[in-house]
K.L.:
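My questions all concern the structure below.
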Amino acid sequence: MYQYDQIDHTLTRERVAEYRDQVARRLTGQLTEDQFRPLRLRNGLYMQLHAYMLRVAIPYGLLSSNQLRKLAFIARTFDKGYGHFTTRQNIQYNWPRLEDTPDILQHLADVEMNAIQTSGNCNRNVTADPYAGVAKDEVEDPRPYAEIVRQFLTLHPEFSWLPRKFKIALTAADHDRAAINVHDIGLRLYRNGAGEVGFRVLVGGGLGRTPFIGKVVREFLPKDDLLRYIQSILRVYNMEGRRDNMFKARIKILVHEHGIERFRNDVEAEFAASEGEPLYVGKQEEARVRAFFAPPGYEKLPGDEPMLTAKLASDAAFRGWYERNVVAHKQPGYTIVTLSLKPIGAPPGDCTADQMDTIADLADRYSLGQLRTTHRQNLVFADVRKMDLFELYQAFTKLEVATPNYNRITDIISCPGMDFCSLATARSIPVAQRIAERFADLKRQNDIGDMHINISGCINACGHHHVAHLGILGVEKNGEEFYQVTLGGSSAEDADIGKIIGPSFSSEEIVDAVESLVEVYIAQRHSGERFLDTYRRVGQAPFKDRLYGAH
Amino acid sequence: MALIKDGSLAEDSWRTLSDEDAVIGNGPIIISFERWRDGRDALKRHNGPLGIRMKSDQPPALIADDIDRFHLIALEFPTLADGRAFSYARLLRERHGFKGELRAVGDVYKDQLYFMQRCGFSSFELPAGRDPNDALGALKSFSVVYSPAADDATPAYQQRGKPGGK
Ligand code: SF4
């Protein structure tokens with residue numbers, strides 16, 4: 001993985017010093033909370049319902065075991081012993097004290113991490129396919145570009161005070177595991193008809209109050225033009241994005257109001273005008289960065305592992321886990337393993353300090369000392385030898401990260417909701433827990449098959465409910481929590497925004513409603529169809545009838 | 001109100017006129033964009049240095065053909081959060097070739113000075129109550145940069161390629 005050089009270290013250290021000064025000014029009253037807010041936000045510090053929340057960047061979701069140990073240390077020392085992995089591959093701490101935060105950032109800097117721009121109206125963490133570099137279906141490893149973009153946009157002098165937050169995601173695979181369609185900029189590396197590899201550039205995707213699927217602004221962008229094109233998009237957005245209404249300030253609204261043609265013309269004009277600016281990092285730098293992501297020295301292993309085959313035949317629980325949470329690796333004899341942070345009945349994405357420490361040790365033993373965080377709030381060991389799978393499975397089971405529910409109905413994405421978030425209109429974590437409990441039975445989960453349920457505690461949609469096969473949005477009615485259901489969304493290559501099925505459900509009714517919808521699917525499905533496929537084929541009617549027919 | 005110019009505290013030799021103030025004498029004056037737009041003929045008789053003050057919804061394109069007329073361009077930051085003028089500054093320097101004094105005015109915070117300077121601002125008008133000495137230090141917040149801008153700082157990717165680079 002990428003390693004800081006002197007320049008990266010210097011910049012991070014200077015940022016900590018700057019932030020320490022800002023906190024000191026706040027604590028002595030030189031800065032009012034109003035003045036301090038935009039400054040602390042640029043270092044990932046939010047004010048939550050009960051306390052501050054600190055969000056730490058995990059660039060494109062890649063972590064070393066040492067970094068994870070440091071995250072565990074921070075959770076134990078400065079927080080209540082756990083952290084929360086987010087849909088944007090970051091980690092959040094829910095209970096830090098303001099006066100400790102400069103020290104936390106210093107600890108992070110020691111392991112080449114930071115919280116720069118993890119909140120505020122600026123460029124956020126660049127996210128990527130959690131299987132980058134090991135996926136069978138990718139044209140090349142996208143992470144060198146993610147790192148180049150990360151650096152380019154870190155403390156960017158022109159783009160640190162944008163109309164609104166700005167999120168970039170990147171993939172190089174056929175199957176989109178990075179949700180590039182619902183990002184401000186979505187980049188997909190692919191090979192065009194002429195055999196060259198470059199980017200398809202999407203712009204203006206996003207969730208929140210007004211969800212949009214990204215639109216293609218450039219069908220094919222040569223790799224060397226990447227930074228210059230991003231600069232062009234950001235410059236047009238910075239100058240023309242709306243600043244009169246924060247709910248209309250995201251780039252998706254600009255693209256929508258101007259139309260993609262006009263927006264594209266503006267970007268292309270700016271791009272043409274910037275010709276000749278020194279925005280290509282150069283072959284040498286590109287090679288330097290790429291070298292950090294070179295495939296590790298894989299052992300030459302047979303594709304088949306007789307010991308594994310035997311274990312799979314004799315141990316049904318292991319087989320269930322293997323079939324669910326283990327996927328093929330591009331290298332024979334290796335696999336990609338998902339650690340589920342969705343044990344039945346626990347808050348999705350939470351991880352204790354002790355778990356982190358053990359996971360770090362296991363990553364050293366079984367996955368070349370690295371791991372990844374995912375958009376679906378799980379963790380991934382990307383380089384596990386088939387011969388080690390059973391041992392690892394046993395360790396994971398002990399650690400309670402072996403729930404075989406990857407992409408299943410209990411693999412729920414949920415925002416923190418009313419339990420933590422000051423903007424929430426309803427609780428979301430308890431709903432996730434109750435749904436997971438209802439569908440805990442593994443046989444039933446496997447029968448239902450791939451199904452994404454996402455839950456948001458308010459219209460800001462941090463839980464990505466719009467792009468779930470079945471989305472749940474918490475709303476408030478006369479002081480009571482209600483839940484609105486949307487169907488048919490997806491954040492993958494078949495991306496779409498789900499549609500509201502009808503009137504919302506009370507907290508008591510919502511789990512039954514989910515179950516009814518699942519039953520309609522089971523009754524209607526053709527063989528091989530996921531919930532989403534059936535819904536898209538038959539439409540809303542049968543689902544609606546079942547939910548509201550009797551009323 | 002304190003002024004920082006070319007890296008140190010400075011006296012302000014410019015007078016900012018309101019649109020009602022008469023133009024008297026040939027001292028350096030700053031007028032609004034509206035006044036320039038609506039009454040440039042009247043200003044022809046002013047032989048002293050001329051500055052113009054642009055609001056954050058007035059992009060440089062509006063004065064693209066007149067850039068040479070101005071010795072100073074002041075770009076307004078109405079709030080900390082309104083970052084449009086960062087782009088305007090770069091365009092003025094890098095596209096329109098503006099060589100005069102580029103001044104940040106309005107709700108100017110020390111925490112932004114470093115970025116402003118990188119985008120091409122050469123002077124900063126701090127609102128009353130903000131310590132200019134403290135702000136001076138902020139101009140040197142970072143000694144390395146990742147991205148190129150309107151200043152002559154070498155971005156990391158070029159520095160790394162250089163012999164003797166880090
Ligand atoms: S969706 Fe609403 S409740 Fe949930 S985290 Fe975002 S702002 Fe908070």
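What you are looking at is a predicted structure, and each value in this text was computed from that prediction instead of being measured. Below, read A as the first sequence line, B as the second, and so on, with proteins coming before strands; counting in each chain starts at 1. Just the heavy atoms: all of them, side chains too, but no hydrogens, waters or symmetry mates, feed the values below.
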K.L.:
Go through the atoms of A:Glu277 and report whether side chain, backbone, both or neither lie under 4.5 Å from a heavy atom of chain B.
P.N.:
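Side chain only.
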K.L.:
Quickly, which of A:Thr10, A:Asn43, A:Asn114 forms a side-chain hydrogen bond (donor to acceptor under 3.5 Å, both in side chains) with A:Arg15? Name it, please.
P.N.:
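Going through the options one by one, the only one that passes is A:Asn43.
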K.L.:
Given a strict heavy-atom distance threshold of 4.5 Å, which part of A:Arg25 is in contact with chain B: side chain, backbone, both, or neither?
P.N.:
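Looking at A:Arg25, just its side chain touches chain B.
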K.L.:
Could you tell me which portion of A:Tyr280 (side chain, backbone, both or neither) has an atom closer than 4.5 angstrom to a non-hydrogen atom of chain B?
P.N.:
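Only the backbone of A:Tyr280 comes within 4.5 Å of chain B.
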K.L.:
Check this for me, if you would: do A:Asp244 and A:Arg242 make a salt bridge, where the nitrogen-to-carboxylate-oxygen distance has to be below 4.0 angstrom?
P.N.:
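A:Arg242 and A:Asp244: salt-bridged.
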K.L.:
In terms of heavy-atom proximity below 4.5 Å to chain A, should B:Gln117 be classed as side chain, backbone, both, or neither?
P.N.:
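No part of it gets close to chain A.
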K.L.:
What part of A:Glu14 is in contact with chain B, defined as an atom under 4.5 angstrom from a non-hydrogen atom: side chain, backbone, both or neither?
P.N.:
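Both parts, backbone and side chain.
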K.L.:
Looking only at atom types and distance, does a side-chain atom of A:Arg243 sit under 3.5 Å from a main-chain N or O of A:Asn238, one as donor and one as acceptor?
P.N.:
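The answer is yes, because a donor-acceptor pair under 3.5 Å joins these two groups.
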K.L.:
Which residues satisfy the ring pair (Phe, Tyr, Trp, His ring centres under 6.0 Å) test with A:Phe263, sequence neighbours excluded?
P.N.:
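For A:Phe263 there are no ring pair (Phe, Tyr, Trp, His ring centres under 6.0 Å) partners, ignoring immediate neighbours.
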K.L.:
What part of A:Leu155 gets within 4.5 angstrom of chain B, counting heavy atoms only: side chain, backbone, both, or neither?
P.N.:
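A:Leu155 touches chain B through backbone and side-chain heavy atoms alike.
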K.L.:
Among B:Asp131, B:Leu91, B:Asp57, which residue has the highest count of heavy-atom pairs closer than 4.5 Å to chain A?
P.N.:
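Between B:Asp131, B:Leu91, B:Asp57, the count favours B:Leu91.
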K.L.:
Is it the backbone or the side chain of A:Glu18 that comes under 4.5 Å from a heavy atom of chain B, or both, or neither?
P.N.:
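Contact with chain B is through the side chain of A:Glu18 alone.
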K.L.:
For A:Gln284 and B:Gln158, test the side chains for any donor-to-acceptor distance below 3.5 angstrom and give the result as yes or no.
P.N.:
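Short answer, no.
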K.L.:
For A:Tyr2, what residues pass the side-chain hydrogen bond (donor to acceptor under 3.5 Å, both in side chains) criterion, not counting sequence neighbours?
P.N.:
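A:Tyr2 satisfies side-chain hydrogen bond (donor to acceptor under 3.5 Å, both in side chains) with A:Asp8, A:Gln151, A:Arg288, B:Arg160 only.
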K.L.:
Go through A:Gly241, A:Pro163, A:Ser274, A:Gly120 and name the one with the most non-hydrogen pairs under 4.5 angstrom from chain B.
P.N.:
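Among A:Gly241, A:Pro163, A:Ser274, A:Gly120, the one with the most close pairs to chain B is A:Ser274.
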K.L.:
Using a heavy-atom distance cut-off of less than 4.5 Å, which residues of residues 79-86 of chain B contact chain A?
P.N.:
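Within residues 79-86 of chain B, the residues under 4.5 Å from chain A are B:Leu80, B:Ala81, B:Asp82, B:Gly83, B:Arg84, B:Phe86.
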K.L.:
Does the gap between the ring centers of A:Tyr237 and A:Phe166 come in under 6.0 Å?
P.N.:
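A:Tyr237 vs A:Phe166: aromatic centres under 6.0 Å.
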K.L.:
With the threshold set at 4.0 Å, does a side-chain nitrogen-carboxylate oxygen contact exist between A:Arg26 and A:Glu33?
P.N.:
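Salt bridge flag = yes for A:Glu33 with A:Arg26.
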K.L.:
Tell me whether the NZ or CZ atom of B:Arg53 lies within the 45° cone about the ring axis of B:Trp36 and under 6.0 Å from its centre.
P.N.:
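So B:Arg53 doesn't make the cation-pi contact.
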K.L.:
Heavy atoms only, distances under 4.5 angstrom: which of B:Pro59, B:Ser147, B:Ser87 has the most pairs with chain A? Name it, please.
P.N.:
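Maximum pair count with chain A is reached by B:Ser87.
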K.L.:
By a 4.5 Å heavy-atom criterion (distance strictly below it), what part of A:Glu240 contacts chain B: side chain, backbone, both, or neither?
P.N.:
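Neither part; nothing is under 4.5 Å.
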K.L.:
Of the listed residues (A:Ala17, A:Gly282, A:Ser160), which shares the most heavy-atom pairs with chain B below a 4.5 Å separation?
P.N.:
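Ranked by contacts with chain B, first place is A:Ser160.
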K.L.:
Below 4.5 Å from any heavy atom of chain B, which atoms of A:Arg150 appear? Answer side chain, backbone, both or neither.
P.N.:
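Interface part for A:Arg150: side chain.
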K.L.:
Measure from NZ or CZ of A:Arg143 to the centre of the six-membered ring of A:Phe293, then state whether that distance is under 6.0 Å and the direction lies within 45° of the axis.
P.N.:
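Geometry flag: not set, cation outside 6.0 Å or 45°.
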K.L.:
Please look at A:Ile148 and chain B and tell me whether the side chain, the backbone, both or neither of the residue comes under 4.5 angstrom of a heavy atom of that chain.
P.N.:
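No part of it gets close to chain B.
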K.L.:
If you measure from the Lys or Arg side-chain nitrogens to the Asp or Glu carboxylate oxygens, is any gap between B:Arg90 and B:Glu94 under 4.0 Å?
P.N.:
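A salt bridge is present here (some side-chain N lies under 4.0 Å from a carboxylate O).
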K.L.:
What residue pairs, at least two apart or across chains, pass ring-ring contact (aromatic ring centres under 6.0 Å, His included) with a residue in residues 122-160 of chain B?
P.N.:
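Found B:Tyr114-B:Phe142.
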K.L.:
Where does the angle between the aromatic ring planes of A:Phe271 and A:Tyr229 fall among parallel (under 30°), tilted (30 to 60°) and perpendicular (over 60°)?
P.N.:
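Perpendicular.
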